[in-house]
Amino acid sequence: MTLDIAVTGIGLITPVGVGSDSTWRGLCSGRSFTAAQDPLLTGLPVDFSCPVQNFDACDHLPRRTVRRTDAFIHFALAAAQEAAQDAGLAPGSAEPTRIGVVLGVASNSLTGYGRVFELLRTGEHHLVSPLVVPRSVPSMAAGEVAAHLDYRGPNFTVSSACASGAHAIGIARDLIRSGTCDIVLAGGAESGRSPFSAINFARLGALSTRRHDPSGASRPFDRDRDGFVLSEGAAVLVLERGDHARARGAALHGVVAGYGASADAHHPVNPHPDGRGLQQAIRTALTDAGLTPADLDHVSAHATSTPAGDLAEARALSHVFPSTPPPVTALKSLLGHALGAAPAIQAACALLALRHQAIPPTANLDNQDAAIDLDIVRKTPRPARLRTVLSTACGFGGANAALILRGV
């Protein structure tokens, strides 16, 4: 019998809310009010982003930790603390050597490296801070979470571009299935609002250039979409062996029922036009879950608002589902694109949708692309009987992932 892998804790830090409850309320507003001009990006071709608002790291962490760590680590620690508290993981409530941490981080902020390059250019290398590496290395988010919470099981970081967070959850699920862990904190963290990230993605043509209307710039599946909006945040889920969770009396948010991963094997940054790899990942997740496409009640789409990416994903969904796919939402219209953390944020929000039996809306969908034949929820949340949700993720290098989450 296959072990059921339960989700017993959820932690979220996003541009629409600090914490799971406030994030859900922000999503249900249906308004993309978080994107605005960003002082960090002044003078660049794209000078707006979706920052996390009303977040003071010192409200969540010791000041010493805040001083020596970067923003993506602050987000990871705050989300992990919320998730662990939500799961009832008080010190001593579970064996620490059987608790792992797996987080997805695509690039972190790179801000510290910019300062290093400037000092090297001016010959002032003696002024480089010894904290640059521990502040900036992607693996430090998972490491800091483990140290802060005293979790001594497997600890590592997944970096597969914008599929990182989904892969982290899938790998964490497998660590529990294999018997290596009883519990794994899994998710993603990112702070992509740096001049380095912005100029590189802008030069690649991946970012929206809608400078006259930042709040309307992220418009997945819309006819006039022109790229994504940089964002930041974190999501951490507590994954736990079902019998272990029930034995300690933990409440269950849902179950990670299926996971699939694949490669497009097509192009460094462009998706396969028919979403070939994503189709494969979804079908693998369905097989893993013992489900058919007809069993899925909702799709939380990767949908970054790029012309090629949204179309390829829509085609992939059309190929997988024999008739019209179930209702779709695109959360990046409200949250922007948090890169490696985005799939984990999506998965956490899918669990909230299962809890509330409602699908959050897609913002800025004024004119749906005629080539995209999907039932996209827009403007207001849609009440629905949700039992299973598909959450998709795609990344540069052709990485694809699909998670199927089931209610309890």
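The analysis underlying the following values was restricted to heavy atoms, covering all of them including side chains, and did not include hydrogens, waters or symmetry mates.
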Problem - Which residues share a salt bridge (Lys or Arg N to Asp or Glu O under 4.0 Å) with Arg355, sequence neighbours left out - result: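 Partners of Arg355 under the salt bridge (Lys or Arg N to Asp or Glu O under 4.0 Å) test: Asp21.
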
Problem - Those residues that, when tested against Glu240, pass salt bridge (Lys or Arg N to Asp or Glu O under 4.0 Å) (two or more places apart) - result: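 Glu240: salt bridge (Lys or Arg N to Asp or Glu O under 4.0 Å) contacts with Arg248.
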
Handout entry: Salt bridge flag under 4.0 Å for residues Asp182 and Arg241
Key =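 Here Asp182 pairs with Arg241 in a salt bridge, since their nearest N and O are under 4.0 Å apart.
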
Exercise for the section: Would you mind checking if Asp288 and Arg177 are paired as a salt bridge, meaning a charged N to carboxylate O distance below 4.0 Å? Expected result: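 Between Asp288 and Arg177 there is a salt bridge, with a charged N closer than 4.0 Å to a carboxylate O.
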
Compare every heavy atom of [Y] with every heavy atom of [X], then report the nearest pair and how far apart it is.
X: Gly192; Y: Glu232; result: N-CB, 4.3 Å
X: Ala263; Y: Asn400; result: C-ND2, 4.0 Å
X: Ala161; Y: Ala106; result: O-CB, 3.6 Å
X: Pro220; Y: Ala330; result: CB-CB, 3.6 Å
X: Phe221; Y: Ala301; result: CZ-CB, 4.0 Å
X: Val52; Y: Gly233; result: CG2-CA, 4.0 Å

Check: [X] side chain, [Y] main-chain N or O, donor-acceptor pair, under 3.5 Å:
X: Arg315; Y: Pro273; value: yes
X: Asp70; Y: Ser136; value: no
X: His302; Y: Cys394; value: yes
X: Ser262; Y: Gly277; value: yes
X: His74; Y: Val66; value: yes
X: Arg406; Y: Ala257; value: no
X: Asp264; Y: His272; value: yes
X: Arg98; Y: Gly179; value: yes
X: Gln53; Y: Val16; value: no
X: Arg382; Y: Ile359; value: no

Exercise for the section: In sequence, state the C-alpha distance, the side-chain angles, and the governing distance for Arg152 and Ile99, and then conclude on side-chain contact (heavy atoms from CB on, under 4.5 Å). Expected result: CA-CA 6 Å; Arg152 300 176 222 162; Ile99 305 176; over 6 Å; no

Greater than 12 external heavy atoms within 6.0 Å of [X]'s [atom1]:
X: Asp373; atom1: CG; result: no
X: Glu95; atom1: CD; result: yes
X: Arg276; atom1: CZ; result: yes
X: Asp150; atom1: CG; result: yes

Practice task
Indicate whether the side chain of Gln279 and that of Arg283 have a donor and an acceptor atom separated by less than 3.5 Å.
Solution key: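 Yes, because at least one side-chain N or O of Gln279 sits under 3.5 Å from a partner of the opposite role on Arg283.
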
Practice task
For Thr69 and Arg135, test the side chains for any donor-to-acceptor distance below 3.5 angstrom and give the result as yes or no.
Solution key: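 No - no donor-acceptor pair under 3.5 Å links their side chains.
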
Handout entry: Close aromatic pair by centroid cut-off 6.0 Å: Phe196 and Phe201
Key =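 Centroid separation for Phe196 and Phe201: 6.0 Å or greater.
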
From [atom1] ([X]) to [atom2] ([Y]), nearest 0.5 Å:
X: Ser318; Y: Glu313; atom1: OG; atom2: CD; answer: 10.5 Å
X: Ser164; Y: Ile169; atom1: OG; atom2: CD1; answer: 11.0 Å
X: Ile376; Y: Asp369; atom1: CD1; atom2: CG; answer: 9.0 Å
X: Asp243; Y: Asp4; atom1: CG; atom2: CG; answer: 7.5 Å
X: Thr324; Y: Leu317; atom1: OG1; atom2: CG; answer: 11.5 Å
X: Thr392; Y: Leu403; atom1: OG1; atom2: CG; answer: 9.5 Å

Handout entry: For Ser178, all residues meeting side chain to side chain donor-acceptor pair (under 3.5 Å), sequence neighbours excluded
Key =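 Ser178 satisfies side chain to side chain donor-acceptor pair (under 3.5 Å) with Thr180 once adjacent residues are dropped.
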
Problem - Pairs meeting criterion salt bridge (Lys or Arg N to Asp or Glu O under 4.0 Å) with involvement of residues 199-220, two or more places apart - result: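 Of all non-adjacent pairs touching residues 199-220, those that pass salt bridge (Lys or Arg N to Asp or Glu O under 4.0 Å) are Asp47-Arg211, Arg210-Asp213, Arg219-Asp222, Arg219-Asp366.
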
Please tabulate, for the side chains in residues 123-132, all donor-acceptor contacts under 3.5 angstrom to protein atoms that are two or more places apart in sequence or on a different chain.
unit_1	atom_1	unit_2	atom_2	d
Glu124	OE1	Thr122	OG1	2.8
Ser129	OG	Leu131	N	3.0

Side chain to side chain, [X] and [Y], heavy atoms closer than 4.5 Å:
X: Asp226; Y: Thr209; answer: yes
X: Cys349; Y: Thr23; answer: yes
X: Leu278; Y: Ile282; answer: yes
X: Thr329; Y: Pro361; answer: no
X: Asp38; Y: Phe48; answer: no
X: Ser305; Y: Lys332; answer: no
X: Arg385; Y: Gln357; answer: yes
X: Thr8; Y: Leu252; answer: yes

Practice task
Give the ring-plane orientation class for Phe228 versus His337, where under 30° counts as parallel, over 60° as perpendicular and anything between as tilted.
Solution key: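 Ring orientation, 0 to 90° scale: perpendicular.
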
Exercise for the section: Kindly indicate, with the supporting measurements, whether the criterion side-chain contact (heavy atoms from CB on, under 4.5 Å) is fulfilled by Val238 and Asp86. Expected result: CA-CA 9 Å; Val238 176; Asp86 185 34; over 6 Å; no

Exercise for the section: For side-chain contact (heavy atoms from CB on, under 4.5 Å), just list the numbers for Ser194 and Leu40, CA-CA rounded to whole Å, side-chain angles, deciding distance to a tenth of an Å, and then say yes or no. Expected result: CA-CA 7 Å; Ser194 75; Leu40 292 176; over 6 Å; no

Practice task
Take Glu190 and Val105 through the side-chain contact (heavy atoms from CB on, under 4.5 Å) test and state the conclusion after the steps.
Solution key: CA-CA 6 Å; Glu190 202 82 63; Val105 180; 3.8 Å; yes

Problem - Audit row: Arg115, Glu118, salt bridge (charged side-chain N to carboxylate O under 4.0 Å, His left out) steps and yes/no - result: CA-CA 5 Å; Arg115 173 66 174 156; Glu118 179 61 23; over 6 Å; no

Problem - Selection residues 58-68 - residue pairs positive for side chain to side chain donor-acceptor pair (under 3.5 Å), sequence neighbours left out - result: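 Of all non-adjacent pairs touching residues 58-68, those that pass side chain to side chain donor-acceptor pair (under 3.5 Å) are Arg68-Glu144.
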
